[in-house]
Protein chains: 4
Amino acid sequence: MDTALLMFAEGGFARTTVKDIATSAGISNGLMYHYFPSKEKLLEAAIEKHSFLPHLRVILKGTEEPCREVLKKIAARFSDILKQENNSIRILLQEGHSNAEVKKVWDSLSSEGSLILQQYLSSRIAAGELKPHNTEVTARCLFSILFMFSFTRDIFKSSNLSDSQFIEESIDSILNGIQKNNNHD
Amino acid sequence: MDTALLMFAEGGFARTTVKDIATSAGISNGLMYHYFPSKEKLLEAAIEKHSFLPHLRVILKGTEEPCREVLKKIAARFSDILKQENNSIRILLQEGHSNAEVKKVWDSLSSEGSLILQQYLSSRIAAGELKPHNTEVTARCLFSILFMFSFTRDIFKSSNLSDSQFIEESIDSILNGIQKNNNHD
Amino acid sequence: MDTALLMFAEGGFARTTVKDIATSAGISNGLMYHYFPSKEKLLEAAIEKHSFLPHLRVILKGTEEPCREVLKKIAARFSDILKQENNSIRILLQEGHSNAEVKKVWDSLSSEGSLILQQYLSSRIAAGELKPHNTEVTARCLFSILFMFSFTRDIFKSSNLSDSQFIEESIDSILNGIQKNNNHD
Amino acid sequence: MDTALLMFAEGGFARTTVKDIATSAGISNGLMYHYFPSKEKLLEAAIEKHSFLPHLRVILKGTEEPCREVLKKIAARFSDILKQENNSIRILLQEGHSNAEVKKVWDSLSSEGSLILQQYLSSRIAAGELKPHNTEVTARCLFSILFMFSFTRDIFKSSNLSDSQFIEESIDSILNGIQKNNNHD
DNA sequence: TATGAATGAGCATTCATTCAT
DNA sequence: CATGAATGAATGCTCATTCAT
């Protein structure tokens, strides 16, 4: 399943043959069908095995501590997971429109992912640390930034910022805003 | 080419057959090879025809006006284009890893897209309207937000915000920040 | 289609590969799918093309002439057709239980085949030439004899009767009965 | 073996998988190869186990009693066996052309089956009960009628004759003939 | 005996591409 | 320009058979 995930991510689902996966995994192609009824089910199983939603839940839940550093830490770990499961993400985006099961995973990932962020932000507003604001918007923004960051990592790698620097500055930006003198004069 | 783009976006490149495209376009499958040397080249031609980078350049360049409303307008139009060229985007994400030509388009889109934003932000800093900050980070954040917004539109459509509201609030959030009493007390 | 029929009859449907048929027919295996959507549909088309029910109708209908020689002639021609379409018959028996379409052909062949015989017999009773009797029974008997004769031709070929002799004697037997002095002396 | 026979008859030999048979028989597919060297040998063993030739021998031999009722009884029992071993017959017809062993069984069944009938008929001629005639022809006719009756039972079940009525009338027909005034005036 | 994982050759089917017309 | 018949390599999947346990 790990092999399959890797190969699907690299070559796309349709372009990757069962024989290639089997060879890569060191088994005969017939054996795959002993464990999975079809290539498609293999994809679904692989995606589900590598679902990182539980990880997100763990790192995002229960944190009631102050904001800036915590948010950076959260973002860094979130980003780490996305990096680790880079293959899974690629497939989610590539096959999400062709395979219902994959779409479900992608939908639940993106909606729950930003929901968890949203809840954290709300708790910080309640704690008086953040301004009252539409947390749904911010949560989706944060989620988008982290997700796209992971997805476009290779394109922007020429930039002179390290990964962690980029994330930290993004969080700062979100927290502080970029407008001069924004609400005190 | 429009038909092809639509069908590739809906079914994926590999899953869409030349015959299907031809039938949909009302021609025989042989005729396609009169205009394009291969299915792959058809994809590339379609993607390039629908490249919306020029549009982005138009809406983003030359605007030296004050920030908040302009940025909102820019974002709205950016989002409109993304919405319109939704098929193109899908293909960019789906086939970007398999087809070099497509990847080039995606790369130039994302890098130039955020570069243009970056330049605008820099000009507003120079104009004294925005705080000095890492404009590359903000530009990528904005780009990410708008891009993911377009890509996850259907997932979040249950939300009680309209598209334009979401975009406006996002811009406000970026401009103002979300932290209470930031840096002045 | 003729090639397919022959090969299906000889090797059975499942054992005969599409490639074999195509090779035998002098075409590429892909081309078969240009004309038939599947191997199964090819079988059905072949069976229907070789349906000899129309032939039976022709030789059996409209004959109102006296019995013994006519019946022999009918039987001979019936048997000729069965011999000619021997392949078709084999398939009918072999695949009739697996393929609904084939079964339909077999059903209509056997029911209509004996129905036509039955009608002829009835007309001869009306003409006063035959004893009143259950024509359905006789028709099915005749049909069975001719059909099995064709199907077991090779098994019994060691017999010292020619095909036409066997058929003639069978008809005589049916007409005369085999019992001595039957019920009138 | 019984399971195998049933499944081969229902689905055809090639379409029935060893795994299906094993599952149906409540054993693992590997175990089958402990008892039979191959799928083909399993078929042959099953056919041979269900060979009803011995039954035919029993019911047809040694009967020297008068004709009409005896023949009806014989036919009825013959038909019963055919009905009981319906699966076996199907396979005989379906696989007789593909499998040498099966063909042998089918050949010996049909030739010996009609031979036995033939001998009985000859004995009744010798006893003065039947007219001297070509018993081979009559025997094959009788065999054909009974065999086809069994094979087309489902097609003609709409008929208003019961199974036993049909058989009885067939025998009467063969004995009496259908021609009026057939040889005494 | 009994299991079921493992193999790999074989098959129906698909499809990009070619080409005679 | 346009057609669609023709090709054949490629692919997902099946299944009889083997074998370690």
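Reminder, nothing fancy here: chain letters follow the sequence lines and each chain counts from 1. Since the structure is predicted, the reported quantities are computational estimates derived from the model, not experimental observations.
- Listed by first then second residue, pairs satisfying ring-ring contact (aromatic ring centres under 6.0 Å, His included) with a partner in residues 13-47 of chain B read Phe8(B)-Phe13(B), not counting sequence neighbours.
- Remark: Leu6(A) engages Glu10(A), Asn87(A) in a side chain to side chain contact (heavy atoms under 4.5 Å, CB included) (not counting sequence neighbours).
- Here the nucleotide nearest the side chain of Tyr35(A), chosen from dA2(E), dA6(F), dA6(E), is dA6(E).
- Residues satisfying the side chain to side chain contact (heavy atoms under 4.5 Å, CB included) test with Ser150(A), not counting sequence neighbours, are Leu82(A), Asn86(A), Ile89(A), Arg153(A).
- Atom C1' of nucleotide dG12(F) and atom CG of Asp20(A) are separated by 12 Å, given to the nearest angstrom.
- Contacts of Ser51(A) classified as side chain to side chain contact (heavy atoms under 4.5 Å, CB included), with partners at least two apart in sequence or in another chain: Leu53(A), Pro54(A).
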5'-to-3' dot-bracket of DNA chain E (Watson-Crick, G-U; under 3.5 angstrom; crossing pairs as [ ]; | other strand)
.||||||||||||||||||||
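- Residues that satisfy the side chain to side chain donor-acceptor pair (under 3.5 Å) test with Lys83(A), not counting sequence neighbours, are absent from this structure.
- Counting to the nearest Å, the P atom of dT1(E) and the NE2 atom of His34(D) are 5 Å from each other.
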Got a list of side-chain donor-acceptor pairs under 3.5 Å for residues 14-26 of chain B, not counting sequence neighbours?
| from | atom 1 | to | atom 2 | distance (Å) |
| --- | --- | --- | --- | --- |
| Arg15(B) | NE | Gly11(B) | O | 3.4 |
| Arg15(B) | NH2 | Glu95(A) | OE1 | 3.4 |
| Thr16(B) | OG1 | Met7(B) | O | 3.2 |
| Thr16(B) | OG1 | Gly12(B) | O | 2.7 |
| Thr17(B) | OG1 | Asp20(B) | N | 3.0 |
| Thr17(B) | OG1 | Asp20(B) | OD1 | 3.4 |
| Thr17(B) | OG1 | Asp20(B) | OD2 | 3.2 |
| Thr23(B) | OG1 | Lys19(B) | O | 2.8 |

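- For the segment residues 90-104 of chain D, no residue has any heavy atom less than 4.0 angstrom from an atom of DNA chain E.
- Screening residues 28-43 of chain D for salt bridge (charged side-chain N to carboxylate O under 4.0 Å, His left out) gives Lys41(D)-Glu44(D) as the qualifying pairs, with residues at least two apart or on separate chains.
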Please produce a list of atom pairs where a protein N or O lies less than 3.5 Å from an N or O of nucleotides 13-15 of chain E.
| from | atom 1 | to | atom 2 | distance (Å) |
| --- | --- | --- | --- | --- |
| dT13(E) | OP2 | Tyr33(C) | OH | 2.6 |
| dT13(E) | OP2 | Lys39(C) | N | 3.0 |
| dT13(E) | O5' | Tyr33(C) | OH | 3.4 |

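- Remark: His97(A) engages Phe151(B) in a ring-ring contact (aromatic ring centres under 6.0 Å, His included) (not counting sequence neighbours).
- The shortest heavy-atom contact between Ser88(B) and Ile47(B) is OG-CD1, 3.8 Å.
- Contacts of Lys104(C) classified as side chain to side chain contact (heavy atoms under 4.5 Å, CB included), with partners at least two apart in sequence or in another chain: Glu101(C).
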